[in-house]
Amino acid sequence: MSEPADAGSRPGRERELASLYATARALTALGDVEDVLGSIVRHAHDLIGTDFTYLSLLGDDGSLSITASEGTISATFRSARIPPHTGLGGKVVDTRAAHWVEHYFEGGRLRHDPGFDAVVGGEGLVALLGVPLLVRDRVIGALFAAHRSRRRFRTDEIALLSAFADHAAIALDNARLYEQSRTALAELRTAYRTIEEQMAVMERAQAVHEALTGVVLAGGGPAVVAGEFAGQMGGRVEILDSGGTLLARAGAGDDTSGGPVTAGVVEQARRTGRAVTVPGPDGRRHSAATVRAGDSVLGAVVWSQDQEPSAVDVRSLELASHVVGLLILKDNAVADAAERLSGELLTELIVAGPQVSATQRTRARSRGVDLDALDVVVVAGAEGVSAAGLVRHLHPIARQEAGLAGEHLGQAVLIAPAARPEAFAQAVHQRLRAEYGRPVTVVCERVTGHDWARAVSRAAGCTAVVRHLGARDLGTTTDRFALYALAFDADRRDELDRFLADTIGPLLDYDARRSTDLVATLDAYFGNDGNLRRTAETLRVHLNTLLKRLDRTADVLGHDWRAADDLPLRLAIRLECLRRVVVLPSTERR
């Protein structure tokens with residue numbers, strides 16, 4: 001990717017997130033339901049950019065009716081009602097989750113209604129994304145983004161519309177409550193004090209939400225958000241990521257008292273999908289709300305205080321979790337972009353070779369990386385784990401060690417500074433082993449003169465040799481396998497070719513001409529310590545067939561190898577088999 005592409009990939013996501021923050025903040029203002037409905041579809045239409053956007057509310061009979069829309073849409077479609085459990089809307093309501101179809105009439109798992117299908121066909125609706133509007137664990141409707149041609153909706157679009165729908169549902173609920181309060185005030189003067197208290201409760205929750213949203217819009221991170229919430233509500237606030245790792249803590253309280261209790265209340269909130277409060281052994285009340293974007297759990301907000309939380313306190317906690325969700329989405333987008341750029345720079349350095357450009361040095365310095373200090377290359381591999389999966393765990397190590405991580409030619413690669421390469425390889429191995437809970441192979445090679453390409457080639461080749469030799473779980477350097485360097489060192493290819501030609505050249509030529517595999521026969525023979533029966537079983541051939549192959553080998557080599565010193569032959573056979581599992585790149589640079 002070119003430099004302009006590097007710089008241009010992030011602003012689009014940042015503009016989307018900035019727009020989401022701004023529209024979410026605009027929706028927090030109390031107003032008429034009709035105004036809020038119109039604002040929701042208008043902003044959602046701008047965020048997703050489909051042909052038209054509409055919002056349907058759920059009726060008492062379970063049907064959905066369109067109450068607001070943006071974009072060109074016919075009066076017939078606006079007046080249509082969707083029967084219960086029908087179409088994409090029914091699926092969104094029933095499952096309380098986001099769903100989409102690339103083509104409405106090809107969505108085989110949807111329940112269709114002939115009347116509504118006729119309206120859909122007349123409108124020209126093809127691709128459709130729907131997300132639920134949830135208020136206190138209750139579905140009140142759905143928000144839809146529609147397209148009049150085939151379209152696949154990306155994961156980030158679904159998360160974006162889902163996050164906006166969470167805020168929209170809050171704003172719509174607040175608007176409804178506000179209208180109900182005004183009506184009750186007009187009709188029931190005797191209930192004035194009760195309504196006034198309700199308004200105060202709503203305004204307090206709204207004030208907390210606006211304060212937290214303002215913090216995020218001002219560029220504050222998790223620590224600032226936690227501090228603002230603790231300042232507004234009191235007690236201690238903790239923000240956790242999806243794995244339970246503490247991102248930020250603020251407020252008063254013993255930092256160590258709530259560990260097991262915190263884990264338990266977060267698990268309950270994750271399981272139920274609602275805010276949960278439990279008493280702790282310290283006498284405090286610990287409340288947790290999960291941070292979600294659509295179906296994805298991004299983390300949790302935990303609030304600990306001395307008193308039982310009121311309904312408005314719980315509501316404020318839930319609002320805080322929505323704001324933290326926006327913050328985590330933004331941070332994830334920034335981290336993903338940084339990791340992608342790190343991987344691209346790593347690939348450039350490997351491909352470009354020892355010549356490092358001024359631009360590459362500038363890009364590395366902007367990430368706190370000194371290219372002259374990157375003196376080791378690590379290649380990692382694990383059965384059942386993709387290279388991309390391993391790279392995701394190498395990126396934190398790269399940031400910690402001021403190095404670079406990425407995927408190169410299907411290999412998970414880390415370039416970093418290390419005074420003791422073997423100790424560094426073992427440390428990386430232990431960290432990956434602990435995170436995956438399965439065997440991991442980590443091989444480290446020193447870098448000389450910025451020749452990262454050669455180091456990656458040697459480390460990757462050595463990794464293949466190590467795994468072929470049966471090792472699956474270790475952290476080591478290529479020096480530990482110097483005996484087999486002929487098989488994985490591209491610089492010694494000619495030396496290996498000469499040795500094999502002098503030792504088993506006739507066998508290689510014979511196998512190539514006759515499409516036989518006498519080399520594999522000898523490898524199995526030596527591997528079974530010359531036991532004929534075990535060798536035949538390994539090769540799955542009859543014993544007489546094996547004997548004929550061994551005799552043919554003696555004829556091809558021109559001497560009775562079984563009666564002579566077979567050490568050079570054994571070594572040549574092993575090196576040839578290892579060479580077959582290692583793809584050695586050309587040593588010439590273009």
Side-chain angles (χ1 to χ4, degrees), residues 155 222 238-249 259-260 262-264 266-267 270 290-291 293 295-300 302 328-329 331-343 345-347 367-369 374 376-418 420-445 456 459-460 462-464 466-467 470-477 480:
T155 302
E238 295 174 314
I239 298 178
L240 313 176
D241 67 9
S242 58
T245 301
L246 181 68
L247 297 178
R249 177 187 287 127
T262 296
V266 168
E267 178 58 31
R270 182 190 295 265
T290 54
V291 179
D295 293 333
S296 302
V297 177
L298 305 179
V302 181
I328 292 178
L329 281 175
D331 290 345
N332 287 348
V334 172
D336 288 345
E339 290 176 0
R340 187 187 71 253
L341 295 176
S342 172
L345 180 56
L346 176 141
T347 299
R367 292 167 177 78
V369 176
L374 303 182
V376 296
V377 163
V378 168
V379 173
E383 291 185 1
V385 180
S386 67
L390 285 167
V391 169
R392 280 195 294 271
H393 290 279
L394 289 178
H395 276 300
I397 302 176
R399 288 193 295 270
Q400 176 182 330
E401 302 295 333
L404 298 170
E407 183 176 351
H408 180 68
L409 299 179
Q411 299 280 353
V413 179
L414 168 67
I415 302 178
R420 300 168 55 206
E422 183 154 3
F424 183 68
Q426 292 171 354
V428 173
H429 167 260
Q430 291 173 3
R431 184 160 173 177
L432 295 179
R433 184 71 165 77
E435 289 172 345
Y436 278 105
R438 66 174 67 193
V440 178
T441 304
V442 173
V443 175
C444 183
E445 167 66 4
V456 170
C462 186
T463 299
V466 167
R467 296 178 69 82
R472 291 290 185 273
D473 194 17
L474 81 166
T476 186
T477 65
R480 297 289 295 272

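All residue numbers in this chain count up from 1 along the given sequence.
In this structure, E407 and V391 approach most closely via the heavy-atom pair N-CG2, 3.9 Å. In plain terms, the two heavy atoms of G406 and L346 that are nearest each other are N-CD1, 3.8 Å. Minimum interatomic distance between P421 and A418 (heavy atoms only, all atoms of both residues): CD-O, 4.3 Å. A pairwise comparison of heavy atoms in A398 and L414 identifies CB-CD1, 3.7 Å as the closest pair. Residues C444 and V376 share a closest heavy-atom pair of SG-CB, 3.7 Å. The nearest pair of heavy atoms linking V379 to A460 is CG2-N, 4.0 Å.
Rounding to the nearest 0.5 Å gives a distance of 7.5 Å between CD of Q426 and OG1 of T476. Atom OG1 of T347 is separated from atom CG of L404 by 10.0 Å, given to the nearest 0.5 angstrom. Distance check: E445 CD to T477 OG1 gives 8.0 Å after rounding to the nearest 0.5 Å.
With sequence neighbours excluded, the residues that form a side-chain hydrogen bond (donor to acceptor under 3.5 Å, both in side chains) with T290 are R292. Not counting sequence neighbours, the partners of A300 by the side-chain contact (heavy atoms from CB on, under 4.5 Å) test are V266. Partners of E401 by side-chain contact (heavy atoms from CB on, under 4.5 Å), not counting sequence neighbours, listed by chain and number: I397, A416, F424. In this view, R433 and D473 satisfy the side-chain hydrogen bond (donor to acceptor under 3.5 Å, both in side chains) rule, not counting sequence neighbours. Residues that satisfy the side-chain hydrogen bond (donor to acceptor under 3.5 Å, both in side chains) test with E267, not counting sequence neighbours, are absent from this structure.
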Solution key, residues 434-441 side-chain donor-acceptor pairs under 3.5 Å, sequence neighbours excluded:
| unit_1 | atom_1 | unit_2 | atom_2 | d |
| --- | --- | --- | --- | --- |
| E435 | OE1 | H393 | ND1 | 2.8 |
| Y436 | OH | G389 | O | 2.7 |
| Y436 | OH | L390 | N | 3.4 |
| R438 | NH1 | E383 | O | 2.8 |
| T441 | OG1 | R467 | NH1 | 3.2 |
| T441 | OG1 | R472 | O | 3.1 |

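Screening residues 388-397 for salt bridge (Lys or Arg N to Asp or Glu O under 4.0 Å), with sequence neighbours left out, gives no hits.
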| task | Take S342 and H395 through the test side-chain contact (heavy atoms from CB on, under 4.5 Å) and record every step on the way to the result. | result | CA-CA 9 Å; S342 172; H395 276 300; 4.1 Å; yes
| said: Between Q411 and V456, is the side-chain contact (heavy atoms from CB on, under 4.5 Å) condition met? List the steps. | reply: CA-CA 9 Å; Q411 299 280 353; V456 170; 5.8 Å; no
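Looking at V413 and L394, their side chains never come closer than 4.5 Å, going by heavy atoms from C-beta outward. For the pair R367/L341, a side-chain contact is recorded, criterion being any heavy-atom separation below 4.5 Å from C-beta on.
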